[in-house]
S.K.: 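Take a look at the following structure, please.
All chains are named by letter (A, B, ...) in the order of the sequence lines, taking the proteins before the strands, and each is independently numbered beginning at 1.
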Amino acid sequence: MKHAVIFSTLYFLFITSSIYSQFDFFEPKTKVSGYGELHYNVKQIEGKEISKTLDFHRFVVFLNHSFTEKWSFSAEVELEHNFVQNGQGELSLEQAYLNYHMSQYLGFQAGVILNSVGLINEYHEPPLFLSVERPLYNKYIVPTTWSGNGISAYGMLSGLEYKLNIMEGLNSDNFNLKSGIRDGRQKGFKANAKNPLYNFKLDYFNIPGLKVGASATYNRASGDSTEIPIQLYEFHAQFNNYNIIMNFEYGNIFYSNSELKESRGFYVDLGYNIASFLKWKSKLIPFARYSDINTASTTISGGESEQKYHNKLWIIGISFLPIPSIALKGEYSENTVELNSIKTQYFNLGIGYMF
Amino acid sequence: MKRLFLIFTIFSISSSSLIYGNEIQSRTEEILRSHFGKDINITYKKYDLDRDVKSSIENQVEQRFFGDYIYIWQVESNDSLKAIALMDNVYGKTLPITFLVIFRLDGSISSTHIIKYREDHGGAVSSDNWNEQFNGKNRRSSYTVGEDIQGISGATISVRSVTKGIQKLTLLYEEIRQAL
């Protein structure tokens, strides 16, 4: 009798679980994806000889494995400039993290993670931005790709996406007037963990086509010979609606205990998908961009040191997406450095993909 | 020891059934009751897709169905059919996105809902504002992302995927309506 009760209970539970499990759509899965971009760059600095290069700038493979609905692993390996030899090219692990997706409201990551700053750092596949190269702003104010060892907590509530990252800090010995914090990234290589970097981002999505957000980053950056606390505040907005594409980013970095006191920059993009007039499924987007970037906008010395790295850049170009995952781009641009008004002209062509 | 093993087995089976199944069922029922009131009768069943119909829709929308079946939810009140909702999945970047399309009886969309989003990125497709764009659309409507359906920055793959998933169900609706 006792056994009959037990077996009946087990049978009932098996039946119940099989009814419920029909809604369990998850299956453990490993997925490979990636992106890449080939560039043809022509550059002429005023009064100097023209240079032409053909460069497979980035080849990236992304790997994801979902153990369960909640536990997954993601990694991104990047090869820059085709090969690595004698200090040229770069092979790096840009992402490699375990993810625990507890719910829509809260999840956690640990490993090599991306810092949540600006529009491009977390979403940098070539079909997702208009120009051939990433915006100058995303090289010198928000140095993409900015990744490192750390942990994060993320979630979403009522159209508001939030993320807190605590990760390796920056090496302040490598800060300089020309590139601000860019060379201070440790990229996860035996990273000095003396002073962690804290980053918090908020993005609002509840208006279709619009993303608007901001982030704050603090790090008491240190190296062998310096300790330079930095604060980075940035604001970003992206609009993609009615065939109009607009991007805007503004960022400001403040430095303490340093000759360099402030880096500042912004850019704005405006594009329109003219393929909509022709009822094409493809996208053809002429665009214009204006950037104003100064990695040494305020220094203790002042004067020329604040003009030498002040760049004003105009770009006009066109981006053609035959399908949403492939982009062919072309652009002409002119950069003027404030000090001595030195002009540089660029002509770039590019082809990029993501899958 | 034997008793301990039995208790552990019973606990494992009961907890796994509660964790996985109930969440999707209870969320779906909650949405349907918030739409049609508490005094409704909700039933659901698995619907096996006809191979030819499935293939034709897949070719038209350029997206495969998640499986060979979907789920049909029927909403009845006072013994009359009020609405039909179809539940299916599409893949985001790596994981399934479970979604529900509630149809008026004429085949137009009453509302769409993300029942379960499992990835760390692209969760904005769950927002009510984004989903409201589909209200009123039907099998003859256009679903081009960026024109008819607005995109979401940082959720490019999820937006395209869910949009195609919804379009597939509008094309399937008539077939299902006749089969019921």
Side-chain angles (χ1 to χ4, degrees), chain A residues 6 9-10 13-14 16-27 29-31 33 62 64-66 69-70 72 74 97 99 101 104 107 109 119 122-123 125 127-128 154-156 158-159 161 203 205-211 238-243 245 247 273 276 281 283 324-325 354, chain B residues 3 6 9-25 28 44 46 66-67 69 71 87-89 91 93-98 114-133 144-147 149-157 160:
Chain A
I6 289 168
T9 311
L10 279 173
L13 285 170
F14 269 120
T16 314
S17 73
S18 66
I19 289 169
Y20 282 134
S21 66
Q22 64 187 316
F23 291 119
D24 178 16
F25 300 110
F26 171 81
E27 281 177 19
K29 201 166 185 160
T30 303
K31 197 172 171 188
S33 53
F62 182 85
N64 173 279
H65 179 73
S66 309
E69 275 199 352
K70 295 185 186 298
S72 64
S74 296
Y97 60 86
N99 196 91
H101 190 74
Q104 183 187 334
Q109 296 173 345
L119 293 172
E122 292 174 290
Y123 306 103
E125 292 86 346
L128 301 182
Y154 66 88
M156 189 174 160
S158 303
E161 203 173 83
D203 276 327
F205 286 98
N206 237 356
I207 300 166
L210 179 70
K211 169 182 175 175
Q238 192 162 48
F239 182 75
N240 190 343
N241 204 345
Y242 310 113
N243 292 304
I245 295 109
N247 300 305
N273 174 27
S276 60
K281 273 191 171 180
K283 286 185 175 174
S325 302
M354 60 186 273
Chain B
R3 184 173 291 173
L6 274 171
T9 309
I10 290 169
F11 177 76
S12 304
I13 296 169
S14 54
S15 58
S16 67
S17 69
L18 284 173
I19 289 167
Y20 289 114
N22 251 342
E23 192 182 334
I24 286 174
Q25 187 177 353
T28 306
Y44 68 84
K46 203 171 175 179
F66 184 79
Y69 60 88
Y71 281 94
M87 179 194 279
D88 196 14
N89 292 270
Y91 271 104
K93 194 165 183 181
T94 52
L95 290 168
I97 302 167
T98 307
I114 302 300
I115 302 295
K116 191 162 190 182
Y117 193 85
R118 298 165 175 86
E119 297 195 46
D120 54 334
H121 284 99
V125 288
S126 306
S127 83
D128 291 343
N129 282 8
W130 187 76
N131 279 276
E132 276 169 14
Q133 300 179 91
T144 308
V145 173
E147 283 183 40
I149 300 299
Q150 303 317 323
I152 301 171
S153 302
T156 316
I157 294 170
R160 275 190 230 140

S.K.: Identify which part of Phe62(A) has an atom lying under 4.5 Å from any heavy atom of chain B, answering side chain, backbone, both or neither.
M.R.: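 Just the side chain, heavy atoms under 4.5 Å.
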S.K.: For Ser153(B), is it the side chain, the backbone, both or neither that has a heavy atom under 4.5 Å from a heavy atom of chain A?
M.R.: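 Both backbone and side chain.
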S.K.: Just give me the residue among Leu119(A), Asn206(A), Ile207(A), Leu210(A) that pairs up with chain B most often, heavy atom to heavy atom, under 4.5 Å.
M.R.: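 With the most close heavy-atom pairs to chain B, the winner is Asn206(A).
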S.K.: Side chain, backbone, both or neither: which part of Ser276(A) has an atom under 4.5 Å from a heavy atom of chain B?
M.R.: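 Ser276(A) touches chain B through backbone and side-chain heavy atoms alike.
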S.K.: Side-chain contact test, heavy atoms from C-beta onward, threshold under 4.5 Å: evaluate it for Met87(B) versus Ile24(B) and give yes or no.
M.R.: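 Yes - at least one pair of side-chain heavy atoms lies under 4.5 Å apart.
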S.K.: Decide yes or no on side chain to side chain contact (heavy atoms under 4.5 Å, CB included) for Asn240(A) and Gln150(B), but give the supporting numbers first.
M.R.: CA-CA 7 Å; Asn240(A) 190 343; Gln150(B) 303 317 323; 5.7 Å; no
S.K.: Is the cationic atom of Lys29(A) (NZ for Lys, CZ for Arg) positioned less than 6.0 Å from the six-membered ring centroid of Tyr91(B) and within 45 degrees of its normal?
M.R.: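 Yes, Lys29(A) lies over the aromatic ring of Tyr91(B).
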S.K.: Given a strict heavy-atom distance threshold of 4.5 Å, which part of Leu128(A) is in contact with chain B: side chain, backbone, both, or neither?
M.R.: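 The answer is the side chain of Leu128(A).
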S.K.: At a 4.5 Å cut-off on heavy atoms, which part of Glu27(A) comes close to chain B: side chain, backbone, both, or neither?
M.R.: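 No part of Glu27(A) comes within 4.5 Å of chain B.
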S.K.: I'd like to know if Glu119(B) and Lys93(B) make a salt bridge, using a cut-off of under 4.0 Å between side-chain N and carboxylate O.
M.R.: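 Lys93(B) and Glu119(B): not salt-bridged.
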S.K.: Regarding Arg118(B) and Thr98(B), do their side chains bring together a donor and an acceptor under 3.5 Å, going by distance alone?
M.R.: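 Yes, Thr98(B) and Arg118(B) have a side-chain donor paired with an acceptor closer than 3.5 Å.
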S.K.: Checking Asn99(A) against chain B: side chain, backbone, both or neither under 4.5 Å from a heavy atom?
M.R.: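 Only the side chain of Asn99(A) comes within 4.5 Å of chain B.
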S.K.: Pick one of side chain, backbone, both or neither for Pro127(A), based on which atoms fall under 4.5 Å of a heavy atom in chain B.
M.R.: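 Neither part.
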S.K.: Out of Leu95(B), Asn89(B), Thr28(B), return the one with the most heavy atom pairs under 4.5 angstrom to chain A.
M.R.: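 The residue among Leu95(B), Asn89(B), Thr28(B) with the greatest pair count is Asn89(B).
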S.K.: Does Ser127(B) reach the side chain of Phe205(A), with side-chain heavy atoms less than 4.5 Å apart?
M.R.: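 They are not in side-chain contact.
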S.K.: For Phe26(A), check ring pair (Phe, Tyr, Trp, His ring centres under 6.0 Å) against everything at least two apart and list the hits.
M.R.: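 By the ring pair (Phe, Tyr, Trp, His ring centres under 6.0 Å) rule, Phe26(A) matches no residue at all.
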